[in-house]
6 protein chains.
Amino acid sequence: MSLTHLNARGEAHMVDIADKPESRREALASGYILMRPETLALVSEGGLPKGDVLATARIAGIQAAKRTHELIPLCHALALSKVEIDFHLNDEKSCIEVFARCRLNGRTGVEMEALTAVSVACLTLYDMCKAVDKEMQIGNIQLETKQGGKSGDYRRAA
Amino acid sequence: MSLTHLNARGEAHMVDIADKPESRREALASGYILMRPETLALVSEGGLPKGDVLATARIAGIQAAKRTHELIPLCHALALSKVEIDFHLNDEKSCIEVFARCRLNGRTGVEMEALTAVSVACLTLYDMCKAVDKEMQIGNIQLETKQGGKSGDYRRAA
Amino acid sequence: MSLTHLNARGEAHMVDIADKPESRREALASGYILMRPETLALVSEGGLPKGDVLATARIAGIQAAKRTHELIPLCHALALSKVEIDFHLNDEKSCIEVFARCRLNGRTGVEMEALTAVSVACLTLYDMCKAVDKEMQIGNIQLETKQGGKSGDYRRAA
Amino acid sequence: MSLTHLNARGEAHMVDIADKPESRREALASGYILMRPETLALVSEGGLPKGDVLATARIAGIQAAKRTHELIPLCHALALSKVEIDFHLNDEKSCIEVFARCRLNGRTGVEMEALTAVSVACLTLYDMCKAVDKEMQIGNIQLETKQGGKSGDYRRAA
Amino acid sequence: MSLTHLNARGEAHMVDIADKPESRREALASGYILMRPETLALVSEGGLPKGDVLATARIAGIQAAKRTHELIPLCHALALSKVEIDFHLNDEKSCIEVFARCRLNGRTGVEMEALTAVSVACLTLYDMCKAVDKEMQIGNIQLETKQGGKSGDYRRAA
Amino acid sequence: MSLTHLNARGEAHMVDIADKPESRREALASGYILMRPETLALVSEGGLPKGDVLATARIAGIQAAKRTHELIPLCHALALSKVEIDFHLNDEKSCIEVFARCRLNGRTGVEMEALTAVSVACLTLYDMCKAVDKEMQIGNIQLETKQGGKSGDYRRAA
């Protein structure tokens, strides 16, 4: 077994996808940002988002998904057909959960796009809250489900 | 207490930093990517990195630090004087630990730049290993230390 | 009736276009920049453009069309097959009229690309003339015609 | 009188600002997007914004201000200290008025940054409403006030 | 005979490729950077690359290929299916030879992408060696072979 | 002697420039693109440029100078105070010579910015002429002069 992004000499390259058929691809990624309860309270009120905080993070995540190939050196440029970001304010764990779903008709999967969207949405939430909370932590960024492509569907074990 | 990036109506804006004095700023952020031991073995051999994997992630992290203000909507464009990324292959925890240190002579802190570098370096490692491991998880992205600026120095409690 | 770019909770998302068929799309947009007659005279001479002013604005407009999805958060990345910018020096109204035509074989329309090209071409003209005229005004940026796609052809009423 | 951005042969160049002193600069630009009353009603309700429409346009405008030098070929890269976007829903004129204020400690003015922010905010509003209204028109993009720099302060005549 | 990128009035435009059929395209470009033997020795040891120098240049070249349409104003945005960069340390000529191969299923050729990758890889090598050698020279950037498209295959005469 | 951009373990990093004093920096770089005489004749007529060819390459070069830090991974983001591109149509050698001059008040040199501007201007000329000439060659990209900074002035030996 070896890494597909390295050739026999260990050199990085962009894998050729020209011979893969076009198909419908979808990926759902998730992650969260842990914060103090007082910080979370500044973002929500009675379970509802306050002000532009979530809207700003949502836009940042959507835009990052479209720029994934600029950020991740060996990713192909993709014409995503859909990007959707959801937030769940979790008072119990004192965190904001972030979900990103990407879709494409194309020759390669969209996991990296979904994971990048989650990461940048979390970083944007961090930026807006960092003046009041330096202990925040971004974590559990992972792939939840994946459809389409030769390797078949994937669903993370609960 | 309220969020600095929102005005009284809850609208997002880029905070004015024109009146803050220039000073030397530094931030160190960390995070890791958990993977299966077999995946980690593809990246290292006898504790040494194999092929271009870490070099690729390092370059991706450095470049992302410079583009932080394009990714995080309310961040200011900064002229970083230094970016440095370090990796530690942790066999015990079966993860790659990532550290990013950023420095600036300027009017605002560089935490977001260091955190963005860590995030994108982790995403790049994920991308290169995803064909062999779909269970990977990026986590514990956090600020370790911060120097300079009015709010003083910060060191994360161990 | 509701806005397609918002979900039922009012949250922004990138609309899914995966199920739309590929077709030939075209859009023509227009706009103008009003300036003082003396300013316009610096740009033209006997009805002919002087120096690189129009060429610079043309290149800026073409490049902006290609980056529309980076500027407009909910726009899809498109592989435009053609971009063309035309200028008309209108001495009577003391303005420069700008036209942009974009074309695509794809799943969504190219109005935003044409409108973005017009806007950035106008801003570039503004930039080159602003040292001599601070009263300039960019206006009447609008869609002229649109072909292709399910919603059918459109032609602006005269 | 001649254009500062062209040399004696009419060739475009980026004007040297190295010898200009640093000073506090500020610019306020405005513009609007005209739409049908029914379209405006989809964006507001009882004078309040509905959903993420204005927040999305605000973020797009802020981010565009930071990228002005990438869009306008002869603009210098600037480290803006502040960007602020305001909207006014004008039922009487059936339009959304857009205002952008930029600030900088630097060697050149920030008019282009403010004008670019207004333009891209208007284009983003257009994008979100275009499925229900093809007659919209972006107009009156202009400089309102300007402070700082050798050429002195400017205020547009009412 | 005339230039395809100018219209009859000599104005630049992006050529329409909507009517060209999709086909497999490939291009190989080459170039080199000449340096002093002592400089070359810092990059290699016994014919093997030392440290991250070549890996950094390789990543820079791959990323530049994906951004060709942002750099070259009249190039179309393309979804490259593959990018591969190779280096050959030539002790005899005291240079590093650079090769870039790009591939696409699409409507236009990928020569510019391959040439851009070579150029930026050379510039990156220059950057890393410039502190010790100011006499370096980048040269012989040229197309080696080209397959696919109406104009047929091309192979540079030896 | 060793490479400044690698640490003791051979890993790439962005060199810290925070302790270097600000000073006036300037660099002049040059290069050329060789083409067939018939190709050169399409670009010029009686020694004068025809159409938008040179203007397009000039704008591309200026814009590339501003994006050098995005292209060259270890370059710092710089706020160039001036960029100027000149062309010389050389009938004797059947080439177009390209010169780029960059200036900065800052902590590091601007050679890479000038060399990047020359490279991208040459690539843009190549793009516009490639339909009629596949034998073109870009060459002799080199630093001509450099002023400012601790290492002192440099002038290439003739």
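Computed from a prediction, not measured in an experiment: that's the story for all the values here. Every chain is numbered from 1, with letters handed out A, B, ... down the list of sequences.
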CZ (E:Arg24) with more than 12 external heavy atoms under 6.0 Å: yes

Engaged part of F:Leu74 at the chain E interface, taking heavy atoms whose separation is under 4.5 Å: both

Side chain, backbone, both or neither: which part of [X] has a heavy atom under 4.5 Å from chain F?
{"X": "E:Ala12", "answer": "both"}
{"X": "E:Ser119", "answer": "side chain"}
{"X": "E:Met136", "answer": "backbone"}

For chain F, which of [options] has the most heavy-atom pairs under 4.5 Å?
{"options": "E:Lys146, E:Glu111, E:Glu135, E:Gln63", "value": "E:Glu135"}
{"options": "E:Val120, E:Leu143, E:Asp127", "value": "E:Asp127"}
{"options": "E:Val43, E:Thr4, E:Leu6, E:Asn140", "value": "E:Asn140"}
{"options": "E:Asn7, E:Thr56, E:Thr116, E:Asp52", "value": "E:Asp52"}
{"options": "E:Val15, E:Leu123, E:Thr124, E:Leu34", "value": "E:Leu123"}

Side chain to side chain, E:Leu3 and F:Val132, heavy atoms closer than 4.5 Å: yes

E:Lys134 side chain near F:Arg156 side chain, heavy-atom distance below 4.5 Å: no

Pair F:Tyr126-E:Gln142, side-chain donor/acceptor within less than 3.5 Å: no

Carboxylate-amine/guanidinium proximity below 4.0 Å for E:Glu70 and F:Arg67: yes

Spacing of E:Ile138 atom CD1 and F:Leu115 atom CG [to the nearest 0.5 Å]: 6.0 Å

